[in-house]
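Predicted model, so just to flag it, every value in this text is computed and none were measured.
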Amino acid sequence: MVSPPDEVRRHVSHPIDIHVGARMRLRRRFLGMSQTKLADAIGITFQQVQKFERGLSRIAASRLHDVSRALDVPVSFFFDALPAEAGGLAVDSRGTEEAEARNNLQPSEMHGRETLDLVRAYYALADPEVRKRILELVRSLAPAA
């Protein structure tokens, strides 16, 4: 069987690269930081940040260290919640959202602007008792699981 030419081959990303990129995007958006601002902080272009966040490019260890410092998280943050089965799977990176759902890497709802705004506002509340009461209110409004 003859292999298709390079321009026809589909780019296949490793699930760990997709997971690390998703965690990078999650933290950046949580901080309200633009891709351009992150890129400037670590000395790359915003297009490269986009490739990292989609899992299209692998992040070298030294670059991941730079990203962790810019986003004020330990390097281990990018590997949190990594499913055990991610080690041997590969997925088509053109459908990153679908791939994440298929491989249970990160629910897309966790990446939504509304979710991040809600979490930011929640933690901006100084009084822990007020936060607790708001959490109880939200739980009371949510349908029973």
Side-chain angles (χ1 to χ4, degrees), residues 6-145:
D6 287 343
E7 62 271 6
V8 176
R9 289 188 190 141
R10 293 168 52 141
H11 178 77
V12 178
S13 295
H14 195 281
I16 293 174
D17 296 329
I18 293 170
H19 180 82
V20 168
R23 298 286 293 175
M24 183 175 155
R25 179 178 57 242
L26 179 69
R27 178 64 179 174
R28 178 185 59 75
R29 290 177 68 188
F30 178 78
L31 294 174
M33 181 184 288
S34 69
Q35 289 177 333
T36 300
K37 186 173 179 183
L38 176 58
D40 290 345
I42 60 176
I44 61 174
T45 64
F46 80 90
Q47 292 94 337
Q48 191 60 48
V49 170
Q50 288 175 334
K51 289 179 182 181
F52 288 155
E53 288 185 355
R54 292 185 61 214
L56 294 173
S57 292
R58 288 195 169 162
I59 304 174
S62 58
R63 180 73 68 207
L64 190 59
H65 180 262
D66 294 342
V67 171
S68 74
R69 292 183 72 198
L71 297 178
D72 196 29
V73 291
V75 171
S76 62
F77 169 84
F78 301 103
F79 300 95
D80 288 349
L82 183 67
E85 69 272 4
L89 299 175
V91 294
D92 181 356
S93 61
R94 285 192 272 177
T96 302
E97 292 291 324
E98 295 80 14
E100 289 173 353
R102 241 190 348 266
N103 292 307
N104 198 26
L105 294 175
Q106 278 290 339
S108 60
E109 299 86 34
M110 294 304 295
H111 298 279
R113 185 171 309 266
E114 182 180 28
T115 302
L116 296 174
D117 288 345
L118 178 63
V119 171
R120 241 186 256 117
Y122 176 82
Y123 282 108
L125 298 169
D127 187 341
E129 186 58 33
V130 172
R131 281 198 311 266
K132 180 181 175 185
R133 292 178 68 199
I134 288 174
L135 179 59
E136 290 170 0
L137 171 66
V138 171
R139 283 183 176 151
S140 73
L141 296 172

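Side chain of H14 to main chain of G55: no donor-acceptor pair is present (N/O by atom type, distance under 3.5 Å, no hydrogens or angles).
Residue E53 holds its CD atom at 5.0 Å from CE of M24, rounded to the nearest 0.5 Å. Interatomic distance, R25 CZ to L38 CG, rounded to the nearest 0.5 Å: 12.5 Å. The line from CG of L118 to OH of Y123 is 10.5 Å long, rounded to the nearest 0.5 Å. Atoms CD and CD1, from E129 and I134 in turn, are 11.0 Å apart once rounded to the nearest 0.5 Å. Interatomic distance, CZ of F77 versus CG of L71, reported as 8.0 Å (0.5 Å rounding).
Taking every heavy atom of both residues into account, D80 and H19 meet most closely at O-NE2, 2.8 Å. Residues A126 and P128 approach most closely at O-CD, 3.2 Å, considering heavy atoms. Considering every non-hydrogen atom in both V73 and F78, the closest pair reads CG2-CZ, 3.9 Å.
For the pair F79 and I16, the minimum side-chain heavy-atom distance is below 4.5 Å. When side chains are defined from C-beta on, Y122 counts as touching L135, because their heavy atoms get closer than 4.5 Å.
Taking D72 as the reference, R27 meet the side-chain contact (heavy atoms from CB on, under 4.5 Å) condition, with sequence neighbours excluded.
Among Q50, K51, Q48, the one residue that satisfies the side-chain hydrogen bond (donor to acceptor under 3.5 Å, both in side chains) test with S57 is Q48.
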Could you walk me through whether R120 and D117 satisfy the salt bridge (Lys or Arg N to Asp or Glu O under 4.0 Å) test, starting with their C-alpha distance in whole Å, then the side-chain angles of each, then the deciding distance to 0.1 Å, before giving a yes or no? CA-CA 5 Å; R120 241 186 256 117; D117 288 345; 2.9 Å; yes
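Other residues, nucleotides and ligands contribute only 12 or fewer heavy atoms inside 6.0 Å of the CZ atom of R133.
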List the atom pairs, with distances to 0.1 Å, where a side-chain N or O of residues 58-70 and a protein N or O form a donor-acceptor pair under 3.5 Å, not counting sequence neighbours.
| residue | atom | partner | partner atom | Å |
| --- | --- | --- | --- | --- |
| R58 | NE | D17 | OD2 | 2.7 |
| R63 | NH1 | I42 | O | 2.8 |
| S68 | OG | H65 | O | 2.7 |

